[in-house]
Asker: 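Quick one: the structure is below, and I'll ask about it shortly.
Nothing here was measured: the structure is a model prediction, and the numbers come from that model.
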Amino acid sequence: MPSKTNDPKRKTWLETSADTDFPIQNIPFGVFLTRDDIITIGTRIGDFAIDLGALHQLGYFSEIPLTDDIFLQDSLNDFIADGRKTWRAVRNRISVIFEAGNAELRDQKDHRERVIFAMDEVEMQLPVQIGDYTDFYSSKEHAINVGSLYRDPQNALLPNWMHLPVAYHGRSSSIIPSGISVHRPQGQKLPNGATEPIFGPSRQLDFELEMAFITTDANELGQPIPVDQAEEYIFGLVLFNDWSARDIQRWEYAPLGPFLGKNFASSVSCWIVTLDALEPFRTASPKPEKDLLPYLQYSGKKTFDINLEVSIKPENKEETVVTNSNFKHLYWNMSQQLAHHTVNGCPVNSGDMMGSGTISGSTPKSFGSMLELSWKGSKPVKLNDGGDRKFIEDKDTVIMRGYCEKPGAVRIGFGEVKTKILPVFKPKKK
């Protein structure tokens, strides 16, 4: 563990607030467009975006073996592919450069002007080029809730659920960064009591509170990744809103699973927080309730204590926090997910994204979707302005936030993933 980077006593010469998601102990990675229309890989401290491409060109990473263009790209894929040794070296060096008392950049005004930007001066981009995307279904509470709503409550979990991390292969082309609006999807639906489907806008548009991990080049075709080595190939985590059109999904999902009800959009936060930054918040996963096959048996603590919340903000009105959950609730952890994903020899590449599945806790106020919070519309969720919601309506903005916090450690956060829902897309008249 890079203890110096995580040291809670470490301070920065940049001006930051005490409750920032991005203290000098975080040092996440992202991609942004600068005020000069230059796209670059960067990091963030407080409310400042730091251009790593410029920092590299100015010689601040001279002692680390990096290619000249490693940060001058529109995605993090090549940097991630360099492996954990490089990620750690770069994070440690950034931590030193911006540490309070270090004058090497602080006292170079012309360098600072090339390297440091206020966050409102940059435009965040999707941090990785996502070649493949897998979405797991790893929250036991969520699976039981959905099974109870759509099947027999006494047999809510299908027989395989307790034996393996269930997942499906999703669509990467519609994964978008925070701040990009989404049009309400259309598709086939089967109204209650009907025997024939109709076509139209989804009336049960829903968020799914998830996180996702980003992988590096991990294995060759045919080579499984052992569960206790899986974290070596996980670069970091982002917040993930895996949008769902429940009425479309319910009609089409049998027998093969999610399609149009899921592939219209998924929204991610823009800064990837590394596992090293999260190390102080490592915690135990739920104990297996059934004996697991050897390839899914792990040792040690394999998850993190990450507080999660979701707010709904109607247009021109205040937001309402509708749920509070935690990443540690997931029954199947990331190491098990990656081990299962590759046990058949499936190769994993740099920039692949693995969604956790909806993260629900054990209480109604910790459920991770409107389907559960409103219990399929039968219990509308009250909003602060006096209205309510069964599902997400046009011009609503959904905001997800995540952070780690505990005594003796500095708060580490993910920022937010924020998405506004627009009406069904209509072509402009010529």
Side-chain angles (χ1 to χ4, degrees), residues 1-7 10 22 24-31 40-45 50-73 75-99 102 104-105 127-131 212-220 223-238 271-282 298-302 304 333-335 337-339 341-342 347-354 412:
M1 184 182 81
S3 57
K4 291 184 178 179
T5 305
N6 289 353
D7 184 354
R10 207 175 188 96
F22 302 100
I24 194 171
Q25 290 81 3
N26 192 337
I27 312 179
F29 293 97
V31 176
T40 185
I41 289 171
T43 189
R44 178 175 177 175
I45 298 177
I50 296 159
D51 183 343
L52 297 182
L55 205 60
H56 188 23
Q57 288 179 321
L58 291 167
Y60 287 89
F61 294 118
S62 59
E63 296 182 2
I64 303 174
L66 300 169
T67 60
D68 291 343
D69 65 345
I70 192 70
F71 298 124
L72 303 177
Q73 302 187 41
S75 80
L76 282 157
N77 293 57
D78 285 354
F79 175 67
I80 293 172
D82 258 13
R84 180 173 280 195
K85 184 178 179 180
T86 296
W87 319 332
R88 284 181 167 171
V90 169
R91 287 187 72 252
N92 289 339
R93 178 61 179 143
I94 294 168
S95 181
V96 169
I97 293 168
F98 288 93
E99 184 178 18
N102 188 335
E104 59 180 315
L105 175 63
V128 288
Q129 182 177 346
I130 304 164
F213 66 87
I214 313 297
T215 65
T216 186
D217 292 328
N219 59 328
E220 297 178 358
Q223 176 190 6
I225 298 173
V227 65
D228 278 328
Q229 296 177 24
E231 285 190 2
E232 293 296 319
Y233 306 102
I234 297 175
F235 176 63
L237 285 158
V238 292
W271 295 105
I272 304 176
V273 178
T274 64
L275 297 196
D276 281 344
L278 296 172
E279 187 62 36
F281 307 95
R282 186 178 289 275
Y298 61 91
S299 58
K301 298 176 179 179
K302 295 295 187 183
F304 300 93
N333 60 52
M334 292 184 292
S335 294
Q337 291 169 351
L338 191 54
H341 199 303
T342 61
V348 171
N349 298 315
S350 176
D352 285 356
M353 181 173 287
M354 311 284 179
I412 299 292

Asker: Counting C-beta onward and ignoring hydrogens, is there a side-chain heavy-atom pair between R91 and T274 closer than 4.5 Å?
Answerer: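 Side-chain contact under 4.5 Å: yes.
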
Asker: By side-chain contact (heavy atoms from CB on, under 4.5 Å), which residues pair with D217, not counting sequence neighbours?
Answerer: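 With sequence neighbours excluded, D217 shows a side-chain contact (heavy atoms from CB on, under 4.5 Å) to A81, N349, S350, given in chain and number order.
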
Asker: Should F22 and T43 be marked as a side chain to side chain contact (heavy atoms under 4.5 Å, CB included) after you check the CA-CA gap, both sets of side-chain angles, and the distance that decides it?
Answerer: CA-CA 9 Å; F22 302 100; T43 189; over 6 Å; no

Asker: Is the backbone N or O of R10 less than 3.5 Å from a side-chain atom of Q25, with the two atoms forming a donor-acceptor pair by type?
Answerer: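 Yes, Q25 side chain to R10 backbone: donor-acceptor pair under 3.5 Å.
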
Asker: Once side chain to side chain donor-acceptor pair (under 3.5 Å) is applied, do any residues pair with S75, and if so which ones, sequence neighbours excluded?
Answerer: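 Per chain and number, S75 pairs via side chain to side chain donor-acceptor pair (under 3.5 Å) with N77.
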
Asker: Could I get the full list of side-chain contact (heavy atoms from CB on, under 4.5 Å) partners for A54, not counting sequence neighbours?
Answerer: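 Result, side-chain contact (heavy atoms from CB on, under 4.5 Å) vs A54: D51, V115.
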
Asker: Tell me every residue that passes side chain to side chain donor-acceptor pair (under 3.5 Å) with Q129, counting only those two or more places apart in sequence or in another chain.
Answerer: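 Side chain to side chain donor-acceptor pair (under 3.5 Å) check on Q129 returns nothing, list empty.
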
Asker: Considering residues at least two apart in sequence or located in another chain, which fulfil the salt bridge (Lys or Arg N to Asp or Glu O under 4.0 Å) criterion with E63?
Answerer: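 Per chain and number, E63 pairs via salt bridge (Lys or Arg N to Asp or Glu O under 4.0 Å) with no residue.
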
Asker: Report the distance from atom CD1 of I27 to atom CD1 of I24, rounding to the nearest 0.5 Å.
Answerer: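 So the CD1 of I27 and the CD1 of I24 are separated by 6.0 Å.
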
Asker: Between I412 and F281, is any pair of side-chain heavy atoms under 4.5 Å apart?
Answerer: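 A side-chain contact exists here, since the closest heavy-atom pair is under 4.5 Å.
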
Asker: Just jot down the ring-ring contact (aromatic ring centres under 6.0 Å, His included) partners of F213, sequence neighbours excluded, or say none.
Answerer: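 Testing F213 for ring-ring contact (aromatic ring centres under 6.0 Å, His included), a comparison that skips the adjacent residues, returns none.
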
Asker: Considering residues at least two apart in sequence or located in another chain, which fulfil the side chain to side chain donor-acceptor pair (under 3.5 Å) criterion with Y60?
Answerer: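 For Y60 the side chain to side chain donor-acceptor pair (under 3.5 Å) partners, ignoring immediate neighbours, are H111.
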
Asker: For D228, give me all partners under salt bridge (Lys or Arg N to Asp or Glu O under 4.0 Å), at least two apart in sequence or on another chain.
Answerer: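 With sequence neighbours excluded, D228 shows a salt bridge (Lys or Arg N to Asp or Glu O under 4.0 Å) to K302, given in chain and number order.
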
Asker: Between Q73 and V31, does a side chain to side chain contact (heavy atoms under 4.5 Å, CB included) hold up when you go through it step by step?
Answerer: CA-CA 8 Å; Q73 302 187 41; V31 176; over 6 Å; no

Asker: Mind checking the CD-CG spacing from E231 to D276? Nearest 0.5 Å is all I need.
Answerer: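 One gets 10.0 Å once the value is rounded to the nearest 0.5 Å.
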
Asker: Looking at residues at least two apart in the chain, or sitting in another chain, which of them share a side chain to side chain donor-acceptor pair (under 3.5 Å) with R93?
Answerer: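 So R93 forms a side chain to side chain donor-acceptor pair (under 3.5 Å) with E104.
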
Asker: Can you check whether M354 reaches V348 side chain to side chain, under 4.5 Å on heavy atoms?
Answerer: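 Heavy-atom side-chain distance check passes, below 4.5 Å.
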
Asker: So do the side chains of M334 and L237 get within less than 4.5 Å of each other, counting heavy atoms only?
Answerer: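 Heavy-atom side-chain distance check passes, below 4.5 Å.
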
Asker: Would you mind reporting whether D68 and I70 have side-chain heavy atoms less than 4.5 Å apart?
Answerer: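 Of all side-chain heavy-atom pairs linking D68 with I70, none is under 4.5 Å.
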
Asker: Can you measure from CD (Q229) to CD1 (I225) and round to the nearest 0.5 angstrom?
Answerer: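 So the CD of Q229 and the CD1 of I225 are separated by 9.0 Å.
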
Asker: Set out, in order, the CA-CA distance, both residues' side-chain angles and the distance that settles salt bridge (charged side-chain N to carboxylate O under 4.0 Å, His left out) for K85 and E232, then state yes or no.
Answerer: CA-CA 10 Å; K85 184 178 179 180; E232 293 296 319; over 6 Å; no

Asker: Hey, mind stepping through K4 and S95 against side chain to side chain contact (heavy atoms under 4.5 Å, CB included) and telling me if it holds?
Answerer: CA-CA 8 Å; K4 291 184 178 179; S95 181; over 6 Å; no

Asker: Is the ring pair H56/F71 parallel, tilted or perpendicular, if the boundaries are 30 and 60 degrees?
Answerer: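 Taking F71 first and then H56, their aromatic rings stand perpendicular (interplane angle over 60°).
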
Asker: Decide yes or no for I214 and D352: does some side-chain heavy atom of the first lie under 4.5 Å from some side-chain heavy atom of the second?
Answerer: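 A side-chain contact is absent here, since even the closest heavy-atom pair is not under 4.5 Å.
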
Asker: From the options T216, L275, I272, V128, select the one residue that forms a side-chain contact (heavy atoms from CB on, under 4.5 Å) with F235.
Answerer: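 Testing F235 for a side-chain contact (heavy atoms from CB on, under 4.5 Å) against T216, L275, I272, V128 leaves exactly one candidate, I272.
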
Asker: Output all residues satisfying side-chain contact (heavy atoms from CB on, under 4.5 Å) with T86, sequence neighbours left out; order by chain, then residue number.
Answerer: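 Scan of T86 (side-chain contact (heavy atoms from CB on, under 4.5 Å), adjacent residues dropped) gives L66, F79, D82, V90.
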
Asker: Within this structure, what is the CG-OG1 distance for the pair L72 and T67, rounded to the nearest 0.5 Å?
Answerer: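 Answer for the CG-OG1 pair, L72 versus T67, is 8.5 Å.
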
Asker: What residues form a side-chain contact (heavy atoms from CB on, under 4.5 Å) with P347, not counting sequence neighbours?
Answerer: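 In terms of side-chain contact (heavy atoms from CB on, under 4.5 Å), with neighbours along the sequence ignored, P347 is linked to N219, L221.
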
Asker: I want to check something: taking the side chain as every heavy atom from C-beta on, are V227 and L338 in contact at a cut-off of under 4.5 Å?
Answerer: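 Sidechains of L338 and V227: no contact.
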
Asker: CD/E99 to OG1/T5 distance, rounded to the nearest 0.5 angstrom?
Answerer: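 The distance works out to 9.5 Å.
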
Asker: Would you say the ring centers of F29 and W271 fall short of 6.0 Å from each other?
Answerer: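 That pair fails the under 6.0 Å test.
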
